[in-house]
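Report on one structure; see the data block that follows.
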Amino acid sequence: MASEVLGWWGVPLAIIAGTLRGSAPFLLVSLGECLTEKSGKINLGLEGTLLMGAMSAYAVSYLTGSPWLGVIVAGVAGMFLGLIHGWLAQQPRVNDVAVGIAMIIFGSGLAFFLGKPFIQPSAPQLPTLSLAGWTQIPQLESALSISPLFILGVAIAPLMQWFFRSSRWGLLIRAVGDSPDAAKAMGISIFKVRMASIVAGSFLAGIGGASLSLFYPGSWSERISSGQGLMAVALVIFARWNPVQCLYASLLFGGAQAIGPALQSVGIDAYYYLFNASPYILTLLIMVITCSPKRTLTGAPGALGQAQE
C-alpha cells in the first residue's frame with residue numbers, strides 16, 4: 001500500500017484512496033434511494049438489492065468474461081427486485097418498513113442461494129481510471145486507481161438535482177412525494193410514478209452492488225455489502241434528499257470506512273475493530289441527531305413513509 005512506502009505521510013493518501021474506492025456503492029445506492037424517497041416511498045430493501053447486484057455482476061462477468069455486461073445485469077437484477085418492492089409497497093395499508101425488511105431477506109437469500117458457485121472463482125474486473133500519472137511508484141498507482149462507476153455516480157448527482165428542479169418528470173415525482181392527493185387531483189398516476197421511481201432507484205442500487213464485486217473489494221462473498229444498503233438510507237436523510245449532498249455524504253462515509261485499513265497499513269492494530277466500525281457509528285450518530293424532536297427534516301417529502309390508503 002501507499003502508506004507502506006511513504007510511512008506516516010501515506011496514511012492520509014491511503015484514506016483519500018480508500019475514500020475514492022469505497023464511496024462508489026454508497027453514492028449509487030444513496031442516489032437510488034433519493035430518487036425513491038422523493039416519490040414518497042422508503043426502500044429499506046436496498047441491502048438485498050445491493051447483494052443481488054453484486055452477485056449478478058460477478059456471476060455474469062465470470063461466465064461471459066465481460067464485466068460491463070455484469071454491470072448491466074446487476075442493474076436489471078435491481079430493477080427486478082424494485083418491481084416486486086414497488087408493487088408490494090403500494091398495496092392498501094402496507095407498511096414501508098415491513099416490506100423493506102421482507103425484501104432484505106428475499107434479496108439477500110436469493111443472492112446467497114444463486115451465488116454459492118461463484119464464491120471461489122475469479123471473475124474479470126472492471127477497468128480502472130488512474131489519477132497517478134505523475135508518479136512511477138506502483139503502490140501509489142494502485143492506490144489512486146478509481147472505478148468508472150464512481151465517475152458515473154459523480155456525473156449522475158448534479159444531473160439528478162437538475163432533474164428534480166427543472167424537468168417535468170422530476171416535478172411530477174416531487175408532486176407525488178409531497179402531496180399525493182393534490183397530484184391525484186391533477187390526473188397524475190401515483191402508482192405509476194412511484195413504481196417508476198422505485199425501479200429506477202433499484203437499478204442504481206444494483207449497479208452499486210456491481211462496484212463492490214467488480215472493483216472494490218473485487219470479489220463475491222455473502223458479507224460483501226457490510227450493511228451499506230441500510231447505511232444509504234441514513235445517508236439520504238443526512239444529505240437532506242439532495243443528490244449533490246448525497247455525493248458529499250458518500251465521500252464522508254467512504255472516508256470513514258477507509259480509516260481502519262489506512263492505520264493498519266502502518267502497523268496500528270490497536271482499536272482496529274473500532275476504526276472499522278466508523279461507518280456504523282457515523283450512521284447511528286446521524287440517526288440520533290436527525291430523529292431529534294427538536295429538529296425539522298428540511299427537504300423531506302411530505303408523504304414520506306405514509307401507508308397507502
Side-chain angles (χ1 to χ4, degrees), residues 16-43 46 49-50 53 57 71-72 74-75 78-79 82 126 128-129 131 144-174 177-178 196-212 214-216 225 228-258 279 282-283 286 290 297-301 304:
I16 293 172
T19 299
L20 295 176
R21 288 182 176 184
S23 59
F26 287 117
L27 176 57
L28 290 165
V29 177
S30 65
L31 288 175
E33 179 64 8
C34 184
L35 178 58
T36 297
E37 292 192 15
K38 279 288 190 178
S39 70
K41 304 303 288 185
I42 301 174
N43 188 355
L46 290 179
T49 307
L50 193 69
V71 172
I72 294 172
M79 292 175 67
L126 287 169
T128 60
L129 302 174
L131 301 179
L144 295 179
S145 296
I146 61 175
S147 169
L149 296 182
F150 174 73
I151 301 298
L152 176 65
V154 171
I156 290 175
L159 285 175
M160 186 177 288
Q161 180 159 303
W162 171 86
F163 173 77
F164 287 135
R165 290 182 176 179
S166 304
S167 72
R168 179 176 180 271
W169 287 103
L171 294 175
L172 286 178
I173 292 173
R174 289 174 55 191
D178 288 330
S197 300
I198 294 170
V199 170
S202 298
F203 176 81
L204 290 176
I207 294 179
S211 70
L212 282 174
L214 296 181
F215 181 74
Y216 182 76
S225 67
Q228 292 184 42
L230 288 172
M231 285 186 229
V233 178
L235 193 154
V236 173
I237 298 172
F238 179 59
R240 293 294 186 262
W241 294 270
N242 184 305
V244 172
Q245 290 185 26
C246 283
L247 169 60
Y248 303 146
S250 298
L251 292 172
L252 176 63
F253 272 66
Q257 194 178 51
L282 184 59
T283 302
I286 288 172
T290 57
L297 293 180
T298 57
L304 188 64

List the atom pairs, donor and acceptor, that lie under 3.5 Å between side-chain atoms in residues 157-165 and the rest of the protein, sequence neighbours left out.
| unit_1 | atom_1 | unit_2 | atom_2 | d |
| --- | --- | --- | --- | --- |
| Q161 | OE1 | N242 | ND2 | 3.3 |

Inset, instruction - State, to 0.1 Å, how close A205 and T49 come at their nearest heavy-atom pair, and which atoms those are. - result: CB-CG2, 3.8 Å
Inset, instruction - Considering non-hydrogen atoms only, spot the tightest contact between A57 and L214 and give its length. - result: CB-CD1, 3.7 Å
Anything under 3.5 Å between a donor and an acceptor, one on a side chain of residues 22-39, the other on a protein residue two or more places apart or in another chain? List them.
| unit_1 | atom_1 | unit_2 | atom_2 | d |
| --- | --- | --- | --- | --- |
| S23 | OG | T19 | O | 2.7 |
| S30 | OG | F26 | O | 2.8 |
| S30 | OG | L27 | O | 2.9 |
| E33 | OE2 | N43 | N | 3.3 |
| T36 | OG1 | G32 | O | 3.1 |
| E37 | OE1 | W241 | NE1 | 2.6 |
| S39 | OG | T36 | O | 2.6 |

Inset, instruction - Applying side-chain hydrogen bond (donor to acceptor under 3.5 Å, both in side chains), name anything that partners S225, two or more places apart in sequence or on another chain. - result: E47
Legend entry - Full working for side-chain contact (heavy atoms from CB on, under 4.5 Å) between F150 and L251: CA-CA 11 Å; F150 174 73; L251 292 172; 3.9 Å; yes
How long is the straight-line distance from [atom2] of [Y] back to [atom1] of [X], given to the nearest 0.5 Å?
X    : Y    : atom1 : atom2 : answer
L50  : M231 : CG    : CE    : 10.0 Å
Q257 : S250 : CD    : OG    : 11.0 Å
S147 : R21  : OG    : CZ    : 10.5 Å

Inset, instruction - Under the side chain to side chain contact (heavy atoms under 4.5 Å, CB included) rule, collect the residues that match up with I151, sequence neighbours excluded. - result: L129, I146
For residues [X] and [Y], determine if any side-chain heavy atom of one lies less than 4.5 Å from a side-chain heavy atom of the other.
X    : Y    : value
L235 : C246 : yes
L149 : F215 : no
Q228 : L46  : no

Inset, instruction - Could you tell me which residues satisfy ring pair (Phe, Tyr, Trp, His ring centres under 6.0 Å) with F203, sequence neighbours excluded, listed by chain and number? - result: none
